2 protein chains.
Amino acid sequence: MGQQSSGELKYVSMLHRKTQIFLNERTKALGVSGAKVPFIFIACECGKLPQYQFCSMLDISKGTVAKMLAGLEKEGYITRSISAQDGRSMDVFPTQKALDLYPRLVEIGCRCTDKMTEGLTEEEREQFFRLLKKTALTMSRFVEAEQD
Amino acid sequence: MGQQSSGELKYVSMLHRKTQIFLNERTKALGVSGAKVPFIFIACECGKLPQYQFCSMLDISKGTVAKMLAGLEKEGYITRSISAQDGRSMDVFPTQKALDLYPRLVEIGCRCTDKMTEGLTEEEREQFFRLLKKTALTMSRFVEAEQD
DNA sequence: GTAAAATAGTTTCTAATGAAACTATTTTCG
DNA sequence: CGAAAATAGTTTCATTAGAAACTATTTTAC
């Protein structure tokens with residue numbers, strides 16, 4: 001059982017790291033890092049969104065979100081302004097630069113998931129993404145609950 | 001399809017990050033970080049192993065392996081010596097400290113995979129780990145092949 | 001209405017990681 | 001044999017990430 005458990009966990013991080021490398025290689029030529037892609041996706045798909053929503057949508061700490069969005073703002077992919085309703089909150093908007101880039105990033109994302117599930121049947125692919133989502137959300141909720 | 005592809009990829013990194021947080025919280029009291037656990041597992045399970053084998057077994061870059069093993073050596077979990085057969089190669093050995101810790105780390109690893117797959121049927125659990133391994137290895141081989 | 005609590009964001013510190021350049025050995029091959 | 005290539009490891013640099021301490025606003029409760 002020891003081998004079993006160590007063996008299973010290592011594939012979680014392996015999949016993550018190799019996916020990041022795949023994305024980085026392909027987005028580098030476009031001038032963005034792979035890690036910024038999900039932020040650009042959300043900004044483009046939502047049009048206007050308070051910053052704290054990035055935390056919950058990506059389940060990433062507010063410190064990391066602050067740093068990533070500050071970087072994206074400096075690089076011209078988003079703009080931010082203090083919310084009219086709540087002086088603590090920042091509204092995030094995509095720039096034209098981000099909107100122009102968006103379809104190409106979507107294409108790269110698709111190529112990544114296609115490569116990942118290459119060799120699986122359509123049924124296995126759906127099953128995999130369904131279970132991946134379920135396990136990720138289980139862990140996420142558990143970790144959050146612990147911090148109370 | 002855009003929503004689809006961005007949505008799927010984000011769970012890969014979410015599962016990874018939450019898993020690391022889970023492990024870190026539990027191994028912290030034992031004096032090791034979650035990221036070092038796989039290295040200790042391999043050292044304990046193999047007894048004696050050249051350093052470069054850690055790279056292929058974990059699919060981690062040799063730079064990272066060098067740094068992690070240097071840390072583990074300093075902290076007293078492993079010892080290293082130059083191979084008698086090949087002056088470039090380092091043989092890695094677990095210390096008693098690592099061997100004593102090992103069963104507790106295995107226990108924590110099991111609790112993590114149990115938590116992750118909580119709510120899945122036994123069949124889903126097996127399916128998930130099978131597909132996780134398969135996708136991780138697909139990405140790993142592809143990324144390696146590109147670097148030639 | 002004000003003090004306390006909650007919330008949104010930033011900053012600092014630290015860890016894990018890969019890329020790439022580097023050193024030192026060993027292997028290959030002409 | 002000796003030069004070139006391959007291999008094992010280290011080091012430096014940059015990126016991504018969370019924890020925790022911090023500031024500034026808003027909400028809650030008395």
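Side-chain atoms are counted along with the backbone in the values below, which use heavy atoms only and exclude waters and symmetry mates. Quick note on labels: first sequence line is chain A, next is B, and so on, each numbered from 1. Because the structure is a prediction, the values reported are computed rather than measured.
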Ignoring hydrogens and angles, answer whether the base of C:dT17 and the side-chain atoms of A:Arg17 contain a donor-acceptor pair closer than 3.5 Å. no

Under the 3.5 Å rule, do the base of D:dT12 and the side chain of B:Lys67 count as making a donor-acceptor pair? yes

Heavy atoms from other residues, nucleotides or ligands near [atom1] of [X] exceed 12 (cutoff 6.0 Å):
X: A:Lys97; atom1: NZ; result: yes
X: B:Glu123; atom1: CD; result: no
X: A:Arg104; atom1: CZ; result: no

Starting at atom [atom1] of [X], determine the distance to atom [atom2] of [N], rounded to an integer number of angstrom.
X: B:Glu25; N: D:dA17; atom1: CD; atom2: P; value: 18 Å
X: A:Asn24; N: D:dA14; atom1: CG; atom2: C1'; value: 11 Å
X: A:Leu69; N: D:dA17; atom1: CG; atom2: P; value: 12 Å
X: B:Arg88; N: C:dT26; atom1: CZ; atom2: C1'; value: 4 Å
X: B:Asp59; N: C:dG18; atom1: CG; atom2: P; value: 9 Å
X: B:Leu58; N: C:dG18; atom1: CG; atom2: P; value: 10 Å
X: B:Ile21; N: D:dA19; atom1: CD1; atom2: C1'; value: 10 Å
X: B:Ile60; N: C:dA15; atom1: CD1; atom2: P; value: 17 Å

Toward the 5' end of DNA chain D, by each residue's nearest nucleotide, A:Gly87 or B:Pro50: B:Pro50

Go through C:dA8, D:dG9, C:dG18 for me and flag the one nearest to the B:Ser61 side chain. C:dG18

Taking the minimum atom-to-atom distance to the side chain of A:Arg80, which one of C:dA20, C:dA16, C:dT10 wins? C:dT10

Applying a 4.0 Å non-hydrogen cut-off, can you work out what A:Ala35 is touching in the nucleic acid: base, sugar-phosphate, or nothing? sugar-phosphate

When we call it a touch if two heavy atoms are under 4.0 Å apart, what does A:Ser33 touch: a base, just sugar-phosphate, or nothing? sugar-phosphate

Below 4.0 Å: OP1/OP2 of [N] and any side-chain N or O of [X]:
X: B:Ser89; N: C:dT25; answer: no
X: B:Gln53; N: D:dA8; answer: no
X: B:Thr64; N: C:dA16; answer: no
X: A:Gln20; N: D:dT15; answer: no

Comparing A:Tyr52 with B:Gly63, nearest DNA chain C nucleotide closer to 5' gives the residue A:Tyr52

Criterion salt bridge (charged side-chain N to carboxylate O under 4.0 Å, His left out) on A:Glu124 and B:Arg130, from CA distance to verdict: CA-CA 10 Å; A:Glu124 283 176 325; B:Arg130 183 179 71 80; 2.7 Å; yes

Taking the side chain as every heavy atom from C-beta outward, state whether B:Phe129 and B:Thr113 have any atom pair closer than 4.5 Å. yes

